[in-house]
There are 2 protein chains.
Amino acid sequence: MDPLDDLAGRLPRGTVTTDAEILRDRAIDSWALALLRRVRGDDLPVPAAVVFPARTEEVAAVLAWACEARVAVIPRGGGSGVCGGATADVGSIVLDLSRMNHVVSVDPVSRVVQAEAGVRGDQLEDALATHGLTVGHYPQSIVSSTVGGWIAASSAGQASTGFGAIEDVLLGCTAVLPPGAILRCRPVPRSAAGPDLRRLLVGSEGTLAVVTEATLACRARPPGWDWLVFGFPSFAALAGGLRDAVRAETGAAVIRGYDEADAQLNFAALGHAGGCVGMLGFPAGPGEPAVGNALAARQEQARDVLRRAGSSGPLDASYGEHWWQHRHDAVDTYARIMGPDRAFGPGVIVDTFEVAGLWSDVPGLHAGIRDALAAHAQAVLCHLSHLYSSGSSLYFTFLISGMDDQDAAARYLAAWDDAVRSCAAAGGTLTHHHGVGRLKAAYLTGELGEAGVDVLKKIKMALDPQQIMNPGVLLP
Amino acid sequence: MDPLDDLAGRLPRGTVTTDAEILRDRAIDSWALALLRRVRGDDLPVPAAVVFPARTEEVAAVLAWACEARVAVIPRGGGSGVCGGATADVGSIVLDLSRMNHVVSVDPVSRVVQAEAGVRGDQLEDALATHGLTVGHYPQSIVSSTVGGWIAASSAGQASTGFGAIEDVLLGCTAVLPPGAILRCRPVPRSAAGPDLRRLLVGSEGTLAVVTEATLACRARPPGWDWLVFGFPSFAALAGGLRDAVRAETGAAVIRGYDEADAQLNFAALGHAGGCVGMLGFPAGPGEPAVGNALAARQEQARDVLRRAGSSGPLDASYGEHWWQHRHDAVDTYARIMGPDRAFGPGVIVDTFEVAGLWSDVPGLHAGIRDALAAHAQAVLCHLSHLYSSGSSLYFTFLISGMDDQDAAARYLAAWDDAVRSCAAAGGTLTHHHGVGRLKAAYLTGELGEAGVDVLKKIKMALDPQQIMNPGVLLP
């Protein structure tokens, strides 16, 4: 029997499709290089089929079949990944979880939500809004990324400084491992019962298992946000000021710091007069516990910290409101630049590199990666967006033009090569929350060392001996 | 050649000892059953040797030898574990890390400390005090437990509600895997580069690798603590009040809630008049950022939350100060009861069971486990000590007398059996921060399911194919 007929026979009608348009659409994610290749008309591989399971047990049936048939399985959430983590090869099947998009239950006493892996961020938040709750996980991609994708790609939202990253809200989950075993991690706030299996899935990028359901911690939904914005004369002063601010634990859930170039681009509409910009967003409003006197006192404390840290003075709160209102625009902008429209012309590529390091290393990471990218790119912007007591993420946006010749891919990869090397030289990690995918797999040994990659490869071989799970991704 | 002579020849002089007293001392940890057996004069197994490495490379040499000689290796920190995680079998060697007790470096800009695995908690804190810093990881066992033990056993300190558990401060580490590979995870605040290898070590209880060094996040050292204490008429009211308090994010780093029996025992010296007790400890004092108006406003907010949650009213702050001053007494009390002195007589055993669950499950866990233990024990106390927005730990202390006959071990294990089953029935995890060890290994399938245990066993076989690493612990 044809293996695909065999697969289709094991699943409800309509679960497996070989529709050419669907195959083409699910062949790539939002990796800039793939989008560039597609718009250039390159002959990109497409999968043999796209499978749309509706239940965990159907995912198990798919993996059982794939192990027997030795077919590669590419799990897919919203396709918003930017490192090629969901890229189909010829002969593979894409496991599209978009039909598993139900919010299963909300426990208002424990403030937890159980959701299927294919639930999109905006769907999740809409369901929670009726309970006055939020997960507080707000990636820029929230309208196109999914619960399962957040776990697989080790996501962090824009309020992660206060509300935590995905591992901080992940309490329980269900996942399917080859050849179809169903792993159920019961939702608990913490457990010391062995290495945390939930955390083994975070960042595994579909190479070990398919997450089908998760229970996430929620919090009171902030009715609004209140912004403190300060200017800084230099990146060093900005970093130092925000470092002190995060350590003051004033309750600011969003902390962002823009270098001069990034501030100029983002706040030109507000007539920004130059310099770096730091902003603190406080959950605020009548339903929020941390309000009233405590909010006022916390904000005064934050002002005091920023003043003493060498700020050039307060800026208008509209900077924060402007960012909040436009925080998802970059997704559309990216689609317009990189998609079929090619708003900036066919030869322009825009990409992002989000690293992280200790505060001691942050100045070196900023200068080193900026300079490395500037040797290839026409524009390089950077902001700090996920801050910790010990360090910060640095989010670089870069634009390279003239990418309309046959050497474009090589030149794109050369820019990445220099950027990743300068990151490692400055002591940073090559990804804070976008993951590794195909883009950075070759650099994983530099990141984790031979011993670290060896551990991951041994785990991969132990759990997926037929190597059906998302081959080519993550591991070098 | 005798394998031990071979081992000794690979290491500096004095690294390997077969001194009978040292072998006997390092044969067990602080597991109540082992202490009972020792004091009864039972013939306990002792290891073939105790090895005291001074460097990571010496640990690697030991694991290389152990893989060749097929000798079991029992990594040992401070021996403070209470589940038998560091128990020697005949023929095994104990890898005692107490010579690796150096604080390697402190980075005051990033606020991180790099310490060898054998550094005890009090040593670590003493070294940080000169920098005005603290890790904020304060397990009750702080004067006898070590950095490496905290990671291996998935430790959580008494201020974990505000300062996080060990995984929240673990930024980087060095570990040795069989047969001697050295894994170095660079310290970064967060990384999305694959499944987090640092987290694979947390809770691994020496079954996968030996942690030899770690970089931990620090914070400003609180000059003191300021306490809010409230009485509650019932356990349900207590749990509800503290649940609301933790969600208010008022900056209380320590939150504790005592049921009636536990409050009576702990606060008898203060003339406690009955009822449950909830306390919130705020880092306070001139060097602490969260002070002044913000502290006063936060405390007022906390008072308001507790009043509205059904508290029977404020109690004196001396409850908090009393707890803080006596917070390590239980370690001494335990030693006096369970050690050679047998302060309560030879037939008394005291043990603790620390579970965790969602808030919805907390009342059922409290009643279920209390009743299960009460069928075996003369006293059962419970407090909440690690609180989350989604749930809480429940820490049961129980005392069984009449354990001086030959059936004592069986009766002890029968009490555990009932307690663990009632925990599972009520939806909890069987350990919040003590780990699994030998005591709970048989219950791991109930905890993680067949699929979960299968994943851990496959990882174990992949990383430790000769099964030299702490056999008999964690895995059923």
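Quick note on labels: first sequence line is chain A, next is B, and so on, each numbered from 1.
- Contacts of B/A153 with chain A are made by backbone atoms alone, with heavy-atom separations under 4.5 Å and no side-chain atom involved.
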Donor-acceptor pairs under 3.5 Å, side chain of residues 353-360 of chain B to any protein atom, not counting sequence neighbours: which ones?
from   : atom 1 : to     : atom 2 : distance (Å)
B/E354 : OE1    : B/T431 : OG1    : 2.9
B/E354 : OE1    : B/H432 : N      : 2.7
B/E354 : OE1    : B/H433 : N      : 2.7
B/E354 : OE1    : B/H434 : N      : 2.9
B/E354 : OE2    : B/K440 : NZ     : 2.9
B/W359 : NE1    : B/Y388 : O      : 2.9
B/W359 : NE1    : B/S389 : O      : 3.2
B/S360 : OG     : A/D107 : OD1    : 3.0
B/S360 : OG     : A/D107 : OD2    : 2.5
B/S360 : OG     : A/S110 : OG     : 2.8

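- Of all heavy-atom pairs between A/S392 and B/P189, the closest is N-CG, 3.8 Å.
- Among pairs with a residue in residues 187-203 of chain B, those fulfilling side-chain hydrogen bond (donor to acceptor under 3.5 Å, both in side chains) read A/S154-B/R190, A/E167-B/R190, A/D196-B/R199, A/R199-B/D196, A/T429-B/S191, B/D196-B/R198, at least two apart in sequence or across chains.
- The residue among B/G427, B/A152, B/G449 with the most heavy atom pairs within less than 4.5 Å of chain A is B/G427.
- Both the backbone and the side chain of B/L200 come within less than 4.5 Å of a heavy atom in chain A.
- Counting heavy-atom pairs closer than 4.5 Å to chain B, the top-ranked of the candidates A/A181, A/A217, A/C185, A/G194 is A/G194.
- Among residues 171-178 of chain B, the residues having any heavy atom closer than 4.5 Å to a heavy atom of chain A are, in sequence order, B/L171, B/L177.
- For B/S155, the part lying under 4.5 angstrom from a heavy atom of chain A is the backbone only.
- Proximity of A/L208 to B/V455: side-chain heavy atoms (C-beta onward) are nowhere separated by under 4.5 Å.
- With a 4.5 Å cut-off on non-hydrogen atoms, A/V112 touches chain B through its side chain but not through its backbone.
- Nearest heavy atoms, A/R247 versus B/V109: NH2-O, 2.7 Å.
- For the pair A/A193 and B/L444, the tightest heavy-atom approach, listed with the atom from each and the gap, is CB-CD1, 4.1 Å.
- For A/S393, no part lies under 4.5 angstrom from a heavy atom of chain B.
- In this structure, the separation between CG on B/L183 and CG on A/D454 is 10.0 Å, given to the nearest 0.5 Å.
- Of the listed residues (A/G437, A/G452, A/G428, A/G240), the greatest number of heavy-atom pairs within a distance under 4.5 Å of chain B belongs to A/G428.
- Looking at residues two or more places apart in sequence or on another chain, you find no salt bridge (charged side-chain N to carboxylate O under 4.0 Å, His left out) involving A/R186.
- The CZ atom of A/R298 sits 10.5 Å away from the CG atom of B/L295 when rounded to the nearest 0.5 Å.
- With a threshold of 4.5 angstrom between heavy atoms, B/T215 does not approach chain A through any atom at all.
- The contact between A/L197 and chain B is made entirely by side chain atoms (from C-beta outward), counting heavy-atom distances below 4.5 Å.
- Just one residue in the list A/V202, A/T207, A/L201, A/L456 forms a side chain to side chain contact (heavy atoms under 4.5 Å, CB included) with B/P195, and that residue is A/L456.
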